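This is a predicted model, so every value here is computed, not measured. Excluded from the calculations below are hydrogen atoms, water molecules and symmetry mates; all remaining heavy atoms, backbone and side chain alike, are included. All ligand and atom numbering here is 1-based and tracks the order in the structure.
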Amino acid sequence: MSEDLVRGRLHRVLERRLRPARYGEGVPLTVTAWHAPGEPVDVATALGAGYEPFGAGERWGPPWGTTWLRCTATLPAAWAGRRAEAVVDLGFTGVGPGFTAEGLVYSPDGTPLKGVHPLNRYVPIDPGGPGGVGVAAAPLAAGTRVDFLVEAAANPTIHQPYPWAPTDLGDVRTAGREPLYRFGGAEVAVVDEEVRALVADVEVLDGLLDVLGPTEPRRYAVVRALTAMMDHLDRSELTGTWSARTARGMLAEILRSPAAPTEHRVTAVGHAHIDSAWLWPIRETVRKVARTVANVTALRASHPELVFAFSQAQQHAWLKEHHPALFERLRAAVADGAVLPVGGMWVESDANLPGGEAMVRQLVHGKRFFLAEYGVESDEIWLPDSFGYSAALPQIFRLAGATRFLSQKLSWNQTNRFPHTTFWWEGLDGSRVLAHFPPVDTYNSDLSATDLAGARERCADDGRTSRSLVPFGWGDGGGGPTREMLEHAERLEDLEGLPRVRIGTPAGFFAAAEAEADDAPVWAGELYLEVHRGTYTTQADVKRGNRRCEHLLREAELWCATAAVRGLAGYPYDELDALWKEVLLYQFHDILPGSSIAWVYREATQRYAVLERRIEELAHAAMAALAGQGRRTLVFNAAPHARDGVPALGAAAAVEAAVPHARRADDGGIVLNNDLVRVEIDPRGNVVSVYDLVAGRELVPAGAAAGLLRLHADHPVGADAWDVDEHYRAAALDLRDADSVGLAPDADGVPAVTVVRSHDGCRFTQRVRLPAGAPRVEFETTVDWHVPQRLCKAVFPLDVRADDVAAEIQFGHVRRPLHRNTSWETAKFEVYAHRFVHVGEPSYGVALVNDATYGYDATRHVRSDGGTTTVLALSLARTQQFPDPHADQGTHVFRYALVCGADVSAAVREGYRINLPPRTVVGGDDVAPLVTADGPAVVEAVKLADDRSGDLVVRLYEPLGDRARVLLSTTERVRDARLVDLLERDAGPAESDGDGVRITLRPFEIVTVRLRLESGP
Ligand SMILES: [Zn+2]
């Protein structure tokens, strides 16, 4: 018989005969239902609700609704001594776990037991447990009474009927009320353990056939054994002597044959990737976490070998708040070493866009939660799914006490295959961490033979290691490992033809990898993901909210610490802690990147407004306390650089500069001049000349315009919110015509040009001005648009020939080449920066700074006159349609500025300035800076120590890639100065003398200093 027929026969035997035989005799459960109105309620409320009869085939669940099911039965007395399980079918649609209906099972005393999803539908019957249910099936008593509840969530499938189709299901307000599911019924049935084991045997051998080569003798041995087993099934059916034990015996030898001595070794780590929001709102993640943790801790009862890596402290904290009983179960499992808090971050954040200080706080809050709750500190950073990794991260990880890093996302690259499996990743400053990219190329493995053989094959390509880690368990929407996966793992420990699989811990894996890592390759610099480039731009309001809150928190901490040290106000520890954690939550790798449903963005933008208001209030209260009584107008400068006569981190009356002049040109255009820069705007509102009067240099090439708005049709091949594909460049429309061009002074008397343009029913208002006494051209662009699938860029063609672009990232900048010599540079056709990008020739440079955007692209063009035009183009917003059908439609305001004659140091300074506008407060005397850093290093944070000792904590870094000597001084008397890590733990004495603390920083080094003051608050 052909092998195809053998396998066809095998699949039919599995599906029609073996899998159903895992359960014997059954009795239906009597089900009643309470369709909860509105948002989810707790189990106590559900227990007190009124239930109605509910049967198989009945419809339930408007999108995002919850139906509570109460399931009862009295089991036949004849079942005494046997084991049984309830099986619940919520009406699963064939869509995988985490993307369809799911449930959490409770005993009638309100204790959560385990989750149910399409591939995990059972509820163990335990006559000793409340309601006759428990976490593992126990022998039945005579006439066991069963009674349990299921909290069934009608989560819609967002990415159906075909991927990336716009849908209104992504917000409860637009999703409608039509029920999504049809209840499939529930019963209790006795369990046949031997058949279950036979099914696992057969599934593993069937998988093995997927990967064995066509001529391998092992292949035919497996086919022969399976054929013999099936023949036995058919024969014994006729004679009524069917026995799973006999069938298993016929497969035993083939399952005993060991793996080759040199076989690839896999450390299998149980995991459930749970996106903190994505195709569901945050509130549903809270429930997903409960279902998954219930599953994992219940599974331990039957599979004590299970090890489960559980990242994201925020998810642990949700469990503590909403499900204290489950949290205690989790805590016990952590204490036993069965659950490993990994990653040490508050959430698995995006790793490109969060600011430096925010990335620090991701680690501080994550690690601190794990230390406080479990006494556990993880050495591994766990970011399997974030969309690329900045070159600053190795140093940040190490300073937080983490030396290992796990991801796999670069396996998604569309252009270049990432060449390493286990390697040293070297950051901007030279810090290295040991990185592992599991060659299984997924964080959701089911331990299938295909996955394992794929890991082996890709690892062999690398050629340096024969060991890899495989995270297994249902993920994205949670679920976690199943007992079937663990049954397979048992059989894969030492099986000829497949890698050796051992359940183990990430720490154990990394220790073994580290022992072999002496000659591991080194990857230096950023880990750029060659896909998902739209995530730097999509959902502009969230980008703005994040940037704004990051800078507001800097201000609030600085002024509150200054006021507290001077005895003028208390330090709002609890509030700052809560505010930071919420800002960190929205940096999750599907929220800040813009890839979640509409509901998530409705909520996030509302919350950003609340957060901004509250942080502003904290900052203002502290500034008012510092300003004291009086009638002087004080300007508070939270930036790390002095400006307009106001010292960095202090307050004083600002020095006024001469107001720029403006005049109408003969051709109807407008000329602005502040004696440093002269700007010419043509009658259609285009900035056709930016002339640096100091350098005597024109920045805008002939015929070009600076700050031009360019619209692109933006139709990605794959996922709307995620991807901007290079073909977007083929369709571009420059908005060069104006409805009106006006000239009027701003409130500060500075003349500003307002240009209004319209296109396709959308309105673009651009204000251009030259500030007094500074060589920069400021743009404020208001975009009000309602057309889907458009990308709007602000384009700056510059007469500059540069080799590369310096782009700000966390705590420094990277230089990205402007040539396209290799496929690696070609793939970076859209990249990101934080507050500035800079291009320059050796003696002249230009910076483009912004207050809320991240995505940009840079290209270089040689003109017919032999000169070079370097084009910097900021990506402002993208009106994409999936998963949020109306992403970025509406009104947005963007501020950016072109800084003439800027070196990188000026770019750093101007980047801070545009994000930290001056604040004026009426008061008395100047406010001396609490902290002064003399030298090129930048003060990033001034705060009081998290341990509430009153110690002052100052974090600074070197931003230019140069060595820096700094004298850090304070107005207060210092009793002791210590260097500390990011968690403010001692790292040795700081060199100090009567003048202050003397620090030498390596290029891009981050240093945190802790000062014990004589006058602590
Ligand atoms: Zn994810």
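- The salt bridge (Lys or Arg N to Asp or Glu O under 4.0 Å) search around Asp385 returns Lys409, not counting sequence neighbours.
- The aromatic rings of His420 and Phe418 sit perpendicular, their planes meeting at an angle over 60°, well past the 30° parallel limit.
- For Phe472, the ring pair (Phe, Tyr, Trp, His ring centres under 6.0 Å) criterion is met by no residue, not counting sequence neighbours.
- Taking the ring centre of Tyr854 as origin, the terminal cationic atom of Lys543 falls outside the region bounded by 6.0 Å and 45° from the ring axis.
- Figure legend: cation-pi geometry between Arg398 and Phe405 absent, as NZ or CZ is not positioned both under 6.0 Å from the six-membered ring centre and within 45° of its axis.
- Arg329 is linked by a salt bridge (Lys or Arg N to Asp or Glu O under 4.0 Å) to nothing, counting only residues two or more places apart in sequence or in another chain.
- For the Zn ion (ligand 1), the nearby protein N/O/S atoms, meaning those under 2.8 Å, are His273 NE2, Asp275 OD1, Asp385 OD2, His589 NE2.
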